[in-house]
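Report on the following structure.
Residue numbers begin at 1 in each chain, while the letters A, B, ... track the order of the sequences.
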Protein chains: 2
Amino acid sequence: MAERANDDEVLDRAEKAAADIRSSIISGHFTPGSRLSEQALGVALGVSRNTLREAFRMLTQEGLLVRRPHAGVIVAVPSLASIIDIYRVRRMIEGQALRGAPPRHPAGRALAAAVDTAVAAREAGDWAAVGTANMEFHRAIVALADSARLDRVYANISAELRLAFGIIDDPEYLHAPYVDRNASVLRAHAEGRSGDAADELDAYLIQSERTLLAAYARGDRDVH
Amino acid sequence: MAERANDDEVLDRAEKAAADIRSSIISGHFTPGSRLSEQALGVALGVSRNTLREAFRMLTQEGLLVRRPHAGVIVAVPSLASIIDIYRVRRMIEGQALRGAPPRHPAGRALAAAVDTAVAAREAGDWAAVGTANMEFHRAIVALADSARLDRVYANISAELRLAFGIIDDPEYLHAPYVDRNASVLRAHAEGRSGDAADELDAYLIQSERTLLAAYARGDRDVH
DNA sequence: CAGGGGAAGTTGTTGAACGATCTTTCGTGT
DNA sequence: ACACGAAAGATCGTTCAACAACTTCCCCTG
């Protein structure tokens, strides 16, 4: 009864609906600012309004949706403030995780695997895959901290971040520069130079943030 | 648009139900491990099952409730791992917030106010109020980081922490030692000695964690 | 063309219903 | 007496239909 430990892949319908909506948002199928009708979406996903509302509640808490009382939910529109905030949290969490990472931590393998995947995807010119691998790299960094709560926080932030990435259309421009940087961070970490790894990552994140903010200021964002 | 969080006091019924349940858990009225029946609670709170389920969903994501499929929700039982994790996250967030706190930040006033309140409550022997003031002190520390997302994360962690505090019956033992420590941290912060403030806080949190873990190991926890 | 006033559409919430699944009880066999 | 298993009972998961409260949109008026 107590020693199950494995996360049952049994998602209930509300969770499945939430996952569907989440991926639709991240993939850009639902653009920021667009309205999600309970009835229409419920029919489309094959769930009842009540169940769909539970899914909305989850995604709202994740910051992907915004509820306006009696006026429906809309896909959250990334703001300058939210981008800045997300990167501030990322630098804090990832930096500390990397700095305090114990050697030979299991997540280290995930780190290396993510870099390999990204490099392979780059060769293949599959920039979307490069982006996914890069995100996985950062998830693995956070996993180094061995904190279930931090993992959860980061999962939420990742989703919001992907939403913000949507304001840049060119995935190569968005993800390509970081593959080698990831490899460099990984190397420093693997060689036990935690401080260097963290410092590199910090500079890396600052540049990434700047790129996003510049695109935002340039007005690349979807004009809902 | 950034200065005042316009917290509309307009909570829908699900949010109100969640708030009720949350305070019942924190106040110890619902003890860890106890089961919350949808029908019974719905009647007690005057909401329908569907609405109550939305509340459950929120509290589950906050870590206060645990859902067992087809077997109802129970109040989360703090575990050694969760206590350790919570304190790890606290040290990370509060430490960084304090270290990087800009001088004359608005939250500084909240910090001072919390200390004053705690001191007054101690004089009055109102240990519950001391506890609340202490929690507020830490909330204010996190607010120094100026991050909406961090604030939200910390709010969740606070609720879980209060749940864990429930394993110690003696609120004086639990909260009294930290009033003066808070004052000391505040002083260091106010005088611009951010590093000292953060270091003091770190030692403080380690002791607090140790106290909790000791109580847990001693078996003070509720034997549901 | 601006503003006001419905009309129509959506959300918020409830109650009932039914299948699916967990718990408890009860009986049986050793 | 105790372990084991099966049926009964209780509860959850989900849907549907309904209605009030509220928003949004469109049309009408000045």
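Distance B:Leu41 CG to D:dT11 P: 13 Å, rounded to the nearest Å. In this structure, CD of A:Gln39 is placed 14 Å from C1' of D:dT15, rounded to the nearest angstrom. Here the P atom of nucleotide D:dG13 and the NZ atom of A:Lys16 are 17 Å apart, to the nearest Å. Atom CZ in B:Arg67 sits about 14 Å away from atom C1' in C:dC22, given to the nearest Å. Rounded to whole angstrom, the span from the CD1 atom of B:Ile74 across to the C1' atom of C:dC22 amounts to 14 Å. What separates CG of A:Asn50 from C1' of C:dG12 is a distance of 10 Å, to the nearest Å. For the pair B:Glu38 CD and C:dT21 P, the computed distance is 16 Å after rounding to whole Å. Between B:Arg13 atom CZ and C:dG12 atom P there is a gap of 13 Å when expressed in whole angstrom units.
Using a 4.0 Å cut-off between charged nitrogen and carboxylate oxygen, B:Arg88 and B:Glu209 do not count as a salt-bridge pair. Under 4.0 Å is where a charged nitrogen must lie from a carboxylate oxygen, and between A:Glu54 and A:Arg13 no such pair does.
Counting heavy atoms of neighbouring residues, nucleotides and ligands inside a 6.0 Å radius, atom CZ of B:Arg68 exceeds 12 of them.
The backbone N or O of B:Ala143 sits nowhere less than 3.5 Å from a side-chain atom of B:Ser147 that would complete a donor-acceptor pair. Proximity of a side-chain donor or acceptor of A:Ser24 to a complementary backbone N or O of A:Asp20 within less than 3.5 Å is detected.
With C:dG12, D:dT15, C:dT14 as the candidates, the nucleotide lying closest to the side chain of A:Arg53 is C:dG12. When each of C:dG12, D:dT14, D:dG13 is scored by its nearest atom to the side-chain atoms of A:Ser48, the top-ranked nucleotide is D:dT14.
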Filtered N/O pairs between nucleotides 17-19 of chain C and protein, under 3.5 Å:
residue : atom : partner : partner atom : Å
C:dA17  : N6   : B:Arg49 : NH1          : 3.3

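Remark on DNA chain D: of its neighbouring residues A:Thr51 and B:Arg35, the 5'-side contact belongs to B:Arg35, judged by nearest-heavy-atom nucleotide. For the pair A:Ala71 and B:Arg68, both in contact range of DNA chain D, the more 5′-proximal nearest nucleotide belongs to B:Arg68.
As judged by a 4.0 angstrom heavy-atom cut-off over every strand, A:Gly46 is placed among residues touching the sugar-phosphate backbone only.
A cation-pi arrangement, defined by a distance under 6.0 Å to the six-membered ring centre and an angle within 45 degrees of its axis, is present between A:Arg90 and A:Tyr87.
Between A:Tyr204 and A:Tyr178, the angle of the ring planes lies from 30° to 60°, which puts this pair in the tilted group.
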